[in-house]
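Here's the structure, in structure tokens; my notes come after.
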Amino acid sequence: MTRRPAGRTGRTRATALTALWACPLFVLTATACSGGSDDGDAKATPSADRSRSAPAPTRLEKAALAPGDLKGYRVTTRKAENWSSGQPKSRTRACQPLADATGDKPSPEAKETVRRGVNGDKAPYKGVTAGISSYSAAGAKSFMRELKAALADCSGGFTTTLSGQSVRYTEVRSRPAKAAGDDALGYGMTASAQGTKIPMRVVAVRSGSTVALFMGVDFKGLTEFPVPRTIVDKQLAKLEKAGL
């Protein structure tokens, strides 16, 4: 658990982060900065009635990262409360794939998406959202192709709107991405709202008709936080084991 920033600077940052948090991709790392607590759902014990009524997990859900999968990291499986959901809209059409990648679904063609939050035990304010999405074979390839095109077209930045909140993304650029899978793409961009800037690092990997999307953010230092390779490798290994 981390403390909230104190003083005027802290209040200004908190307000700006609230605006940025309209982006659903941050939903599972919110506890790292808000002072909340979530020990991989260990404290969230459902009642017997709720357990019986819960739908059986899908193949994709079973293949997603789970508490205990990563030594030195906490994996969060449940969604934070009072969070904006939906798909941010880009004011520039060519940049919509980049905007979609920050939403509930990485693209409209995704059939199913399962998202996890991963935070380091020693630095919980450094968070990674790890999402896996199922597509048709053609849809997965199209997602990667469109994301690469948007990255090339939107180096000058773009603005998104969701739930009345606007976020400006600048410093959009390709970054190296070493990962297994059939296709991989790495990029960085900086989200800005109300005077606060948050650098983001993203890794997208296609494995057959499944796309894994990872975003690394340092909410405390507000500096670049590359997605740890161990998180990417573990998720891809689970996908391969599941035959996805």
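Values reported hereafter were calculated over all heavy atoms of this structure, with side chains retained and with hydrogens, waters and symmetry mates removed.
The heavy-atom pair separating Gly188 from Arg201 by the smallest distance is CA-CD, 4.2 Å. The two residues Pro67 and Val75 have their closest heavy-atom pair at CG-O, 3.6 Å. For Leu213 against Ala101, the heavy-atom pair with the smallest separation is CD2-O, 3.4 Å. Contact record, Ala63 with Ala242: CB-CB, 3.9 Å, taken as the closest heavy-atom pair. Among all heavy-atom pairs drawn from Leu147 and Ala204, the shortest one is CD2-CB, 4.0 Å. Between Ala179 and Ala184, the shortest heavy-atom distance links the atoms CB-CB, 4.4 Å.
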- Message: The test is side-chain contact (heavy atoms from CB on, under 4.5 Å); show your working for Ile231 and Gln235 and say whether it passes.
- Response: CA-CA 6 Å; Ile231 297 176; Gln235 179 59 87; 5.7 Å; no

- Report the C-alpha distance between Val128 and Tyr73 in whole Å, list the side-chain angles of each, state the deciding distance to 0.1 Å, and finish with yes or no for side-chain contact (heavy atoms from CB on, under 4.5 Å). CA-CA 10 Å; Val128 173; Tyr73 293 92; over 6 Å; no

- How far apart are the C-alpha atoms of Tyr125 and Phe219, what are their side-chain angles, what is the distance that settles it, and do they pass the ring-ring contact (aromatic ring centres under 6.0 Å, His included) test? CA-CA 6 Å; Tyr125 48 85; Phe219 283 105; 9.6 Å; no

- Give the intermediate values and the outcome of side-chain contact (heavy atoms from CB on, under 4.5 Å) for residues Ser133 and Phe143. CA-CA 11 Å; Ser133 301; Phe143 169 81; over 6 Å; no

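For Ser142 and Glu109, the side-chain atoms include no donor-acceptor pair closer than 3.5 Å. Tyr135 and Ser107 are linked by a side-chain donor-acceptor pair at a separation below 3.5 angstrom, with hydrogens and angles left out of the test.
Atom CZ of Arg93 has 12 or fewer heavy atoms from other residues, nucleotides or ligands within 6.0 Å. Atom NZ of Lys141 sits in a sparse spot, with 12 or fewer heavy atoms from other residues, nucleotides or ligands closer than 6.0 Å.
The shortest side-chain heavy-atom distance between Ser134 and Leu244 does not fall under the 4.5 Å cut-off. Looking only at side-chain heavy atoms (C-beta outward), Arg91 and Ser166 come within less than 4.5 Å of each other. Residues Met215 and Val227 are not in side-chain contact: their nearest non-hydrogen atoms beyond the backbone lie 4.5 Å or more apart.
The side-chain contact (heavy atoms from CB on, under 4.5 Å) test with Leu70 singles out one residue from Asp121, Asp233, Leu65, and that residue is Leu65.
Distance check, rounded to the nearest 0.5 Å: CD of Glu112 to NZ of Lys105 gives 10.5 Å. Taking CZ of Arg145 as the start and NZ of Lys148 as the end, the distance is 9.5 Å to the nearest 0.5 Å. With rounding to the nearest 0.5 angstrom, the CG atom of Leu222 is 11.5 Å from the NZ atom of Lys197. The CG atom of Leu98 lies 9.0 Å from the OG1 atom of Thr102; values are rounded to the nearest 0.5 Å. Atom OG1 in Thr190 sits 8.5 Å away from atom CE in Met200 (nearest 0.5 Å). Note that the OG1 atom of Thr210 and the CG atom of Leu60 stand 6.5 Å from one another [nearest 0.5 Å].
No donor-acceptor pair closer than 3.5 Å links the side chain of Gln165 to the backbone N or O of Leu162. No donor-acceptor pair under 3.5 Å is formed between the side chain of Lys126 and the backbone N or O of Asp218. Listed for the Gln96 side chain is no donor-acceptor partner under 3.5 Å among the backbone atoms of Lys89. Side chain of Arg74 to backbone of Pro124: no donor-acceptor contact under 3.5 angstrom is found.
Using a cutoff of 4.0 Å between basic side-chain nitrogens and carboxylate oxygens, Arg116 and Asp69 are not scored as salt-bridged. One finds a salt bridge joining Arg173 and Glu224 here, because a Lys/Arg side-chain nitrogen approaches an Asp/Glu carboxylate oxygen to under 4.0 Å.
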